[in-house]
Protein chains: 2
Amino acid sequence: MEQHRDYESELRQAGVRLTKPRKVILKIIGESEDHPDAMAIFRRAVKIDASISLATVYRTMKLLEELGAVHRHSFEGGPARFENADGEHHDHLIDLDTGKVIEFHSETLEKLQEQIADELGYDIEHHRLELYGRKRR
Amino acid sequence: MEQHRDYESELRQAGVRLTKPRKVILKIIGESEDHPDAMAIFRRAVKIDASISLATVYRTMKLLEELGAVHRHSFEGGPARFENADGEHHDHLIDLDTGKVIEFHSETLEKLQEQIADELGYDIEHHRLELYGRKRR
DNA sequence: ACCCTTGTTGCAAACGATTTGCATTTGCAT
DNA sequence: ATGCAAATGCAAATCGTTTGCAACAAGGGT
């Protein structure tokens, strides 16, 4: 059960320099099971290498996004949050009380979206589906 | 065929003071067929009353959102855009080439979302579905 | 192992969108 | 008309993010 991509070789292959800050950030997002924002990544990074700057975190996240290594999410009110691009596509349910993000996937839903776009004469490039709710009790 | 809500009496009823800037902004969003952002609303407002400030536009939009009179959308990269809350709920398809926003609605889709949230033990408060695509040719 | 070139960094300042403190004005109930 | 709380304009503050620039370091060539 292979869990994480080997980002380092991927980046190397993409002609990107493997610098110290990048290694640290790569390690962090590779291990993250949550959806940290830039500041959270920065805080975790500083623990490993105190000289890393927030600017570098932002630059690196942008780079990784362009390389398709991470996905950027802009949930309501709040900074962008990232997750590594392992695994298959999924959408998000955000718990309004805790901010926790729950992932889900529905093939039916995907198909339905494509069908709708198709009827409107469009090809979907990507989409964004977020459900905001509270735990039923 | 009644087209626009009578925001003024609604607001009055909600105990909100009907000030000059608010009347102007109300008129603007009542007539808007597009999805203007705060700056666009401000520009249109200044033409009617030159003394209106951008801060008041922001304050008023927040107020109207809380009253349920307008909906705020945060499409990818760019300021929040508003639309009046007339008519029924719909989602958006954003044309990546033109930035044009196409509205659509699917009852099946809505139901499916609710069902998914339900299975996860959640009640949906609201959701956000945006399709980003290009016109098929 | 040591350059050399060029990409990358840290810092601080700049940025765009939005919010806020405060003194002044204004709606509107009396 | 009068008074008072609510709303305004202005400028400064805030938040998340980007950028200019001089110092620095990765990693290919020698």
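Chain A is the first sequence line, chain B the second, and so forth, proteins listed ahead of strands; every chain is numbered from 1. The shown structure was predicted, so the numbers you read here are calculated from the model rather than taken from an experiment.
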- Query: Per the atom types in the model, does the base of C:dG10 pair as donor or acceptor with the side chain of A:Arg59 at under 3.5 Å?
  - Reply: yes
- Kindly say if A:Tyr58 contacts the phosphate of D:dT18, meaning a side-chain N or O under 4.0 Å from OP1 or OP2. no
- Message: Measure CZ/B:Arg81 against C1'/C:dA17 and give the value in whole Å, please.
- Response: 15 Å
- Query: Less than 6.0 Å separating the ring centroids of B:His105 and B:His92?
  - Reply: no
- Message: Please confirm whether the shortest side-chain N or O distance from A:Arg22 to OP1 or OP2 of D:dA26 is below 4.0 Å.
- Response: no
- Task: Consider the side chain of A:Lys62, meaning its heavy atoms from C-beta on, and name the nucleotide among C:dT18, D:dG16, D:dT18 that approaches it most closely.
- Result: D:dT18
- Task: Name the closest nucleotide to the B:Ala55 side chain, picking from D:dT8, D:dA11, C:dC28.
- Result: D:dA11
- Starting from C1' on C:dT18, measure out to CE on B:Met61 and report it in whole angstrom. 13 Å
- Round to the nearest Å and state the distance from A:Met39 atom CE to D:dT18 atom P. 13 Å
- Query: Reading DNA chain C 5' to 3', how would its secondary structure be written in dot-bracket notation, given Watson-Crick and G-U pairs with both distances under 3.5 Å, brackets [ ] for crossing pairs and | for partners on other strands?
  - Reply: |||||||||||||.|||.||||||||||||
- Taking D:dG9, C:dT18, D:dA7 as options, the one with an atom nearest any side-chain atom of B:Ser53 is D:dG9
- Task: Select from A:Lys20 and B:Ala80 the residue whose nearest nucleotide in DNA chain C is closer to the 5' end of that strand.
- Result: A:Lys20
- Task: Indicate whether the side chain of A:Arg44 and that of A:Ser32 have a donor and an acceptor atom separated by less than 3.5 Å.
- Result: yes
- Message: Rounded to whole Å, how long is the line connecting atom CD of B:Glu66 with atom P of D:dA7?
- Response: 12 Å
- From the list A:His127, A:His71, A:His126, side chain to side chain donor-acceptor pair (under 3.5 Å) partner of A:His89 resolves to A:His127
- Report the distance from atom CG of A:Asp49 to atom C1' of C:dT9, rounded to the nearest whole Å. 11 Å
- Give a yes or no on whether a salt bridge exists between B:Lys20 and B:Asp49, defined as a side-chain N under 4.0 angstrom from a carboxylate O. yes
- From C:dT6, C:dT20, D:dT8, pick the nucleotide closest to the side chain of B:Thr19? D:dT8
- With a 4.0 Å cut-off, would you call B:Arg136 and A:Asp118 a salt bridge? yes
- Task: Nearest whole angstrom, please: distance from the C1' of C:dA17 to the CZ of B:Phe42.
- Result: 14 Å
- Task: Identify, between B:Arg17 and B:Phe82, the residue whose nearest nucleotide on DNA chain C lies closer to the 5' end.
- Result: B:Phe82
- Separation of C:dT8 atom C1' from A:Ile52 atom CD1, nearest Å, is 13 Å
- Query: Could B:Arg128 and B:Glu130 be called an ion pair, given the rule that one side-chain N must be under 4.0 Å from one carboxylate O?
  - Reply: yes
- Of the nucleotides D:dA7, D:dG9, D:dA25, which has the atom closest to the B:Thr56 side chain? D:dG9
- What do the steps show when you test A:Lys62 against A:Glu66 for salt bridge (Lys or Arg N to Asp or Glu O under 4.0 Å), and what is the final call? CA-CA 6 Å; A:Lys62 172 176 272 191; A:Glu66 283 161 1; 5.4 Å; no
- Query: Expressed in angstrom and rounded to an integer, what is the separation of A:Leu63 atom CG from C:dT8 atom P?
  - Reply: 7 Å
- May I ask you to decide whether A:Asp97 forms a salt bridge with A:Arg134, counting only side-chain N to carboxylate O separations under 4.0 Å? yes
